[in-house]
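In what follows, a structure is listed as C-alpha cells, so that the remarks can point back to it.
So you know, we letter chains A, B, ... as the sequences are listed, proteins then strands, and number each from 1.
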Amino acid sequence: MADTQSTPVVVADGLIKQFGRFAALRGVNAHFLAGRLYVILGDNGAGKTTLLRTIAGLAQPSGGKITVLGCEDRKASRAQIGYMAHPSLLYDEMTGMENLRYFAELYGVRSGEMDRRCREAIASVNLDPDLERPVGQYSQGMRQRMSLARALLNDPKLVLLDEPFSNVDTRSAAEMAALLAEIRDRGKTVVIVTHQPAQLTGHADEFLWMERGRIVNRTTSLSGAGQ
Amino acid sequence: MNATHYLYAAYAMTWAIHGTYLYILARKAKRLRREIEKLK
Amino acid sequence: MNFLAITRATLAKDMRLEWRSKDAINAMLFFSLLVVVIFSFAFDPTAEESRRIAGGLIWVAFLFAAIVALNQTWAREMKNQVLDAYRVSPAPATPLFLAKAIGNLIFVAALEAVMTPLFIAFYRLRPLGAGWQLIPLAILGTWALVVNGTFFAAVSLRTRAREIMLPLLLFPLSIPALVGMVNATTAILTGETSPALWIALLVAYDVVFTTACLLLFETVLEAE
Amino acid sequence: MKRGFTILAVLTAILLSFAFYAALLIAPTEQTMGNVQRIFYYHVPSAWVAFELFLINFVASVIYLIRRSAKADMIALVCAEVGVVFCTVVLITGPIWARPVWGIWWTWDLRLTLTLVLWLIYVSYLVLRRFSMSSQTPLLAAVLAVFGALDVPMVYFSIWFFRTQHPSPVIGGGGSLDPRMGRVLLYNWIAFMALAWLICWTRYRLEVAERAVHEAEAMQSLKEEEAR
C-alpha cells in the first residue's frame, strides 16, 4: 500500500448544494486520503454526481466547506485534478492525439514535452497514439479510455471518475478497473461514482453509500451493504 | 376627440397600468397565502 | 499558462473543427444568401433611394446571419460536455472567451463577405462618400455584435429556450451599435454627412463592452 | 412594521391627490398646446422615477456581484419590475400626448426613445430571470443589469446624434419653464416617488414571503422523504 500522507487530499465538511428547491447535498462529511481508491454508490438522485462535481470545482457548494489538496481556493488545486465523466469530454471530429494536444495546452505543458506527454498518456490506457481515426468513430470502450487519458494528462494527484463503466463492454471495464488500481498504487487518490461496483471489488479500498444527499455508510467491502 | 380627452386618457392609462400591476401582485399574494395554508 | 498561447490554441482548434466539418459554414452561407435575396425582393428601390436605405438593410441582414452563427458558438462545447473539461483545467476563462469571439468574428465576416457583393449587385450600389471606410466600419460593427453575442450565448446556455434567449438578451443592448452602424454606412453611401461621429460611437461601444465581457465572463462560466 | 406601511400608504394617497389637483387646476394652461400639455405632469415624473429605479437596480446588482447578498438581489429584482411598470406609463402617455399636438403617435424624442430602449433592456432582464434554469440566476441577472447600465450612455449619445440629423418634435422640457409649472412638476415627482416607494415595499415583502414559502416547501418535502 502506498504510504498515506497525514493530510487528506480532499476534506468535505457539511457540504450543502441547493438547486432551487431541491437539495442535492444535505450536509456531506468525507475525507479522502492519498493512494486510496474510493467508490461512491447510491441510487439516482442520491447526490453522487453533484458531490463529485463539487469536489472537481465544477459546482459551487451552497453551504459547508470543501478543501482540495490543502487549499480552499479552487483555482490553486485545478492543475492537480483529473476529471472524467460519462460524456467523453472530447471533440468528436478530432483524433485522440489532437484532443490531448489541445488539453495539454490548457494545462500549460511546454511544446517540447507535449508530444511525449500525450503519447505516454494514450499508451498508459493501452490505446495506439497514432490512430488517425477521429474520436467520434471510436467504440464506447475506447472513447472512455481516451477520456481517462485526458484526465491523467497532467499526472494529477486526484482523479475523479463519474460513471466510467457505463455501457462499456466487460473486458474494457475490467481493464480500466485494473488501470485505476494501478494508478492508485502510484499514490494517487481515485474517486469513482458508479452503478457497476462489481468491477472494482478486488481493487477498491472503501465503498461509500449515499442516500438523499448524505453519506449514510462506509464499508471496506461491497458485501457490507448500506442500511 | 378634442385635446382634453387625450389628457384624461393619459391620466386614466397611468392609473390603469399601475392598477393592473397591483392586481397582479394581489393575485400573487393570494396564491402565496393559499400555499402557506397548505403548508400548515 | 500564458494567456495568448491558450487563446491561439483554442482559436486554432475551432478553426480546424470548422474546416473539417464544413456543413455549419455552408448552411449559414446559404442562409445569408437567402436573406439577401429576400430583402432584394422585398425592397426594389431606384439607385438614389437604395443609397439611403441600403445601410439599414445590409446591417439587418448581417444581424440575422450573425445571430444564426452566434447561436452555434457553444454547440461543440455542449456536445460532449467538453466545456467541463475546460473548466476543470487550470486555464483561465478569458482566453476561451476571446478565442470564441475572434472565431465568431471570422465566421460572421465570411458570411458578410458573401453577402456584400450580392447587395452591391442587387441594389446597384456605388458609394459617393469614401468607400474604403466601409471595411473598418464593418469590422467595428461586426465586433460590437459578436463580442456581446458570444458572451450572451454563454449566458443563454443556462436558460430554457436557448435559441430565442440570445436575441432577446442581445438586441436591446445592441441598439446603439446598430444605430451607429446603419447611420455610418448611410453617411458613407450618400456622401452627404461625415460618418466620423458614428465611428467614434462604435469605437467607444466596442471598448466598453469588450472590457465588460472580459471581466465578467468567468462569473458567467462558473454559474452552473 | 405594519404601522409604518399604512402611514406611507396614507401619505402617498394625500400626495397623489394633491399632485393630481395641482396638475389639473393650479398649473397655468400652456398657450400653444392648451390643456393637453398637462400630460407633462404625469409623463415626465414617471420617466424620472423609472430612471431612478433602474439606477437602484444597477447599484444593487453591483453590490450583489461583490457580496452575493440575497437582500441586494431582491432589491434589484423589485426595482427592475416596478421600473418597467413606470416605463410603460411613460411609453403610453408619450404617444397620447404627441398625437393631438403633432398628429403623430411616435417621435424619436430623446427621453421617449431612451425610455423605450431601457424598457426593452429591463424586460429582457425579467425574461432572463424567468427562463433561467441555473442555480445562480441572480448572478446572471446582475451581470445583465451591469451591461444594461453600461448601455445607457451609449443609447443617449446615439439618439442625440440621431436627432441632430433627424430633428423631431420635443415632448415637454423644451425651452424655459414657467416657475409655477416647475413647482407642480415637483409635486408630481415627489408624489410618484412616494407611490414607487410604496409599490416597491409591497413587492419586496411579497418576494421575501415567496422565498420563505419555497424554503418551507423544500423542508416539507425533505421531511416527507425522511419519514418514508
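Here the shortest heavy-atom pairing between D:Asn188 and D:Ala23 reads ND2-CB, 4.0 Å. Taking every heavy atom of both residues into account, D:Arg111 and D:Ala47 meet most closely at CD-CB, 3.6 Å. Residue D:Ala141 comes nearest to D:Arg129 through the heavy atom pair CB-NE, 3.6 Å, listed as atom of the first residue, atom of the second, then distance.
Among the candidates D:Ala209, D:Ala212, D:Ala216, D:Pro100, the residue making the largest number of heavy-atom pairs closer than 4.5 Å to chain B is D:Pro100. Top candidate by heavy-atom pairs under 4.5 Å with chain B, chosen from D:Ile199, D:Val101, D:Ile39, D:Thr93, is D:Ile39.
B:Ile36 touches chain D through its side chain: at least one heavy atom from C-beta onward sits under 4.5 Å away, while N, CA, C and O do not. Heavy atoms closer than 4.5 Å to chain B are found in both the backbone and the side chain of D:Glu217. If you measure heavy-atom distances from D:Leu198 to chain B, you find no contacts under 4.5 Å at all. Heavy atoms of B:Tyr11 lying under 4.5 Å from chain D belong to its backbone as well as its side chain. Only the side chain of D:Ile92 comes within contact range of chain B, with at least one heavy atom under 4.5 Å from a heavy atom of that chain.
Using cut-offs of 30° and 60° for the angle between ring planes, the D:Trp106 and D:Trp108 rings count as perpendicular.
Residue D:Phe192 forms a ring pair (Phe, Tyr, Trp, His ring centres under 6.0 Å) with just one option from D:Tyr41, D:Tyr187, D:Tyr42, and that option is D:Tyr42.
Using a distance-only test at 3.5 Å, with no hydrogens or angles considered, no donor-acceptor pair links the side chain of D:Ser132 to the main chain of D:Leu128.
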